[in-house]
Amino acid sequence: MSKVGIIGAGSIGLLIASYLAEQHSVTLYTRQTTEHEIKILRDNQVSRPVEVRPLEQFESQDLVFVTTKSYDIKSVMPYLTTGKMPVMFLQNGMGHVKEAEQVPQALFGIVEHGAMRTGQYAVRHTGMGRIRYGRVPVAMLEATPLQFEYVKNIEQVMLTKLFMNAVINPLTAYYRITNGQLLEAPYAEKAHDIFEELRNVFPEHPISYEEIEQVIRRTALNRSSMLQDIEQERQTEIEPIVGFVLEHAGNPTPLLTFYFDQIKSQEKRGDSM
C-alpha cells in the first residue's frame, strides 16, 4: 500500500481520492484547520477512510496529485519543491506549467472524466473517461478504475486540450450559453474564428476544427467550468487558458484579447481548495 497525497478537495480531488483509497493510504490536503478522517460519498457508495489534513501539515508521499485550480498553484509550491516525490498536476490550460516545473519530479495530466461535487465530501462520477499523463510512468497507477494512461508527449495532449478550452470556455462564459449552442448561429462563426486565431499562434499543432466540433457535440448539454465560475462569482481559469495563448502570440489576436478582457472584468477572485 502506497501513500498518496491529494491537494485540493474539489470534484476531481474527491473523485481520485475515493477510487485510490480502495488500494492506498490517501490523505486529502485542504485549507481546513483541523485534522480528521472522512469517507467520501461517490455515487451513493461510501469510500474507504481518507485522512483530511491542513496543507500546513503536508508530509512527503509516494505520489502527490495537485487538483486545485491553476491560480492556487503558487500557494502550494513551497510544500512540493523540497522533496523528490512525483507530483502530478491536473490543471486546465498551460499557464501553470512553468511554475510547476520547479518541482523536481513534476508530472502533468489531462482528466477526461466527468465529475460533479455534490457536497463537502460527496462527488458524482458523471462520465467515465481516462487520465492521460506524462513525463515519467508511475507503476502504481497501472490498474485503477480511473484508467491512467501514460503518454510520451503529454505537452501535445495538453495543447490539444488548450485549443478546445480556449474555443469553448470564453464564448460560453461570455454569452452564458451551453456548449452545444456553439454549433448554432451566431456563435458557430465566432468559435471558428477563435480557432483560426489559435492556429495562427500555434501553426505547427496538428488539430482540426472538426475535432473541436466533435467535443462540442459530445458535451452539448454541458455548462462549461468557466461559465459556472462566472455564474457563481468565482475566479475563472481565463489566465492559464487564454492568457497563455496571448503570451505566445506573435500576431494580433483581437477576438481572444476581447474575450480575455471581458471575462477578467466579470470574474471574482477565489480559492479552489
Side-chain angles (χ1 to χ4, degrees), residues 10 12 66-74 89-101 108-112 154-183 186-209 211-213 215-216 219 222-272:
I12 298 301
V66 181
T67 66
T68 65
K69 294 290 184 79
S70 292
Y71 51 74
D72 278 324
I73 293 284
K74 188 167 288 195
F89 293 88
L90 296 173
Q91 284 65 40
N92 278 328
M94 294 182 70
H96 63 291
V97 172
K98 187 175 180 181
E99 183 99 34
E101 283 180 333
F108 296 95
I110 294 292
V111 179
E112 297 172 16
I154 188 62
E155 286 78 12
Q156 289 294 303
V157 177
M158 293 172 73
L159 191 53
T160 294
K161 182 75 179 292
L162 181 79
F163 265 74
M164 294 171 180
N165 282 333
V167 170
I168 295 169
N169 279 301
L171 288 173
T172 54
Y174 180 71
Y175 293 108
R176 312 289 176 103
I177 58 176
T178 62
N179 290 5
Q181 288 176 268
L182 293 176
L183 299 172
Y187 311 114
E189 185 177 350
K190 298 177 191 295
H192 194 274
D193 288 345
I194 284 181
F195 174 77
E196 291 302 325
E197 285 194 356
L198 290 163
R199 286 292 301 271
N200 287 334
V201 179
F202 304 106
E204 304 301 319
H205 189 61
I207 184 173
S208 67
Y209 189 68
E211 292 175 67
I212 293 177
E213 281 191 324
V215 172
I216 294 171
T219 61
N222 289 12
R223 300 176 74 76
S224 72
S225 58
M226 193 172 290
L227 171 57
Q228 293 180 56
D229 287 339
I230 289 291
E231 290 177 332
Q232 297 175 36
E233 298 188 338
R234 297 189 300 238
Q235 186 172 355
T236 73
E237 292 185 289
I238 194 74
E239 289 269 7
I241 297 173
V242 178
F244 178 85
V245 177
L246 297 181
E247 285 177 13
H248 288 77
N251 298 311
T253 51
L255 283 175
L256 285 165
T257 301
F258 171 79
Y259 290 112
F260 177 85
D261 291 340
Q262 292 300 310
I263 298 299
K264 287 294 290 181
S265 70
Q266 294 179 37
E267 71 176 8
K268 298 287 196 301
R269 301 200 71 77
D271 187 315
S272 64

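The model shown is predicted, which means the values in this text are computed figures rather than measured ones. Just so you know, these numbers use all the heavy atoms, side chains as well, and skip hydrogens, waters and symmetry mates.
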Report task. Report yes if the side chains of Thr178 and Thr172 come closer than 4.5 Å at any heavy-atom pair, otherwise no. Result -> no
Requested in this report: With the side chain counted from C-beta on, respond yes when Gln91 and Ile73 share a heavy-atom pair under 4.5 Å apart, and no when they do not.
Outcome: yes
Query raised in the report: Under a 4.5 Å cut-off applied to non-hydrogen side-chain atoms, are Gln266 and Glu233 in contact?
Result: no
Report task. Indicate yes or no: at least one non-hydrogen side-chain atom of Phe108 is less than 4.5 angstrom from one of His96. Result -> yes
Report task. Could you grab the distance from atom CD of Glu267 to atom CD of Gln262, nearest 0.5 Å is fine? Result -> 12.5 Å
Which atom pairs, one a donor and one an acceptor, fall under 3.5 Å between side chains of residues 156-167 and the rest of the protein, sequence neighbours left out?
unit_1 : atom_1 : unit_2 : atom_2 : d
Gln156 : OE1    : His205 : ND1    : 3.1
Thr160 : OG1    : Gln156 : O      : 3.2
Thr160 : OG1    : His205 : NE2    : 2.8
Asn165 : OD1    : Asn169 : ND2    : 3.2

Could you list the donor-acceptor pairs under 3.5 angstrom formed by side chains in residues 239-254, with sequence neighbours left out?
unit_1 : atom_1 : unit_2 : atom_2 : d
Glu239 : OE2    : Lys264 : NZ     : 3.0
His248 : ND1    : Phe244 : O      : 2.8
Thr253 : OG1    : Thr257 : OG1    : 3.3

Query raised in the report: Got Glu99 and Phe89 here, is their nearest side-chain heavy-atom distance under 4.5 Å?
Result: no
Query - Under the ring-ring contact (aromatic ring centres under 6.0 Å, His included) test, residues paired with Tyr187 that sit two or more places apart - result: Tyr175
Requested in this report: Considering non-hydrogen atoms only, spot the tightest contact between Glu211 and Pro206 and give its length.
Outcome: OE2-O, 4.2 Å
Query raised in the report: After noting the C-alpha distance and the side-chain angles of Lys190 and Leu171, does the key distance pass the side-chain contact (heavy atoms from CB on, under 4.5 Å) rule?
Result: CA-CA 8 Å; Lys190 298 177 191 295; Leu171 288 173; 4.1 Å; yes
Report summary line: Sorted by chain and number, sequence neighbours left out, salt bridge (charged side-chain N to carboxylate O under 4.0 Å, His left out) with Glu101 holds for Arg135
Query raised in the report: Say you draw a straight line from CD1 of Ile212 to CD1 of Ile168; how long is it, rounded to the nearest 0.5 Å?
Result: 7.0 Å
Query raised in the report: About how many Å separate CG of Asp72 and NZ of Lys69, when rounded to the nearest 0.5 Å?
Result: 9.0 Å
Query - Rounded distance (nearest 0.5 Å) linking atom CZ of Phe195 with atom OH of Tyr209 - result: 8.5 Å
Query raised in the report: Atom CG in Leu256, atom CD1 in Ile194: separation rounded to 0.5 Å?
Result: 5.5 Å
Query raised in the report: Among all residues two or more places apart in sequence or in another chain, which pass the side chain to side chain contact (heavy atoms under 4.5 Å, CB included) test with Gln232?
Result: Gln228, Arg234
Query - Sequence-distant partners of Arg176, salt bridge (charged side-chain N to carboxylate O under 4.0 Å, His left out), two or more places apart - result: none
**Report entry** Nearest-0.5 Å distance, OG of residue Ser70 to CE of residue Met94
**Finding:** 11.0 Å
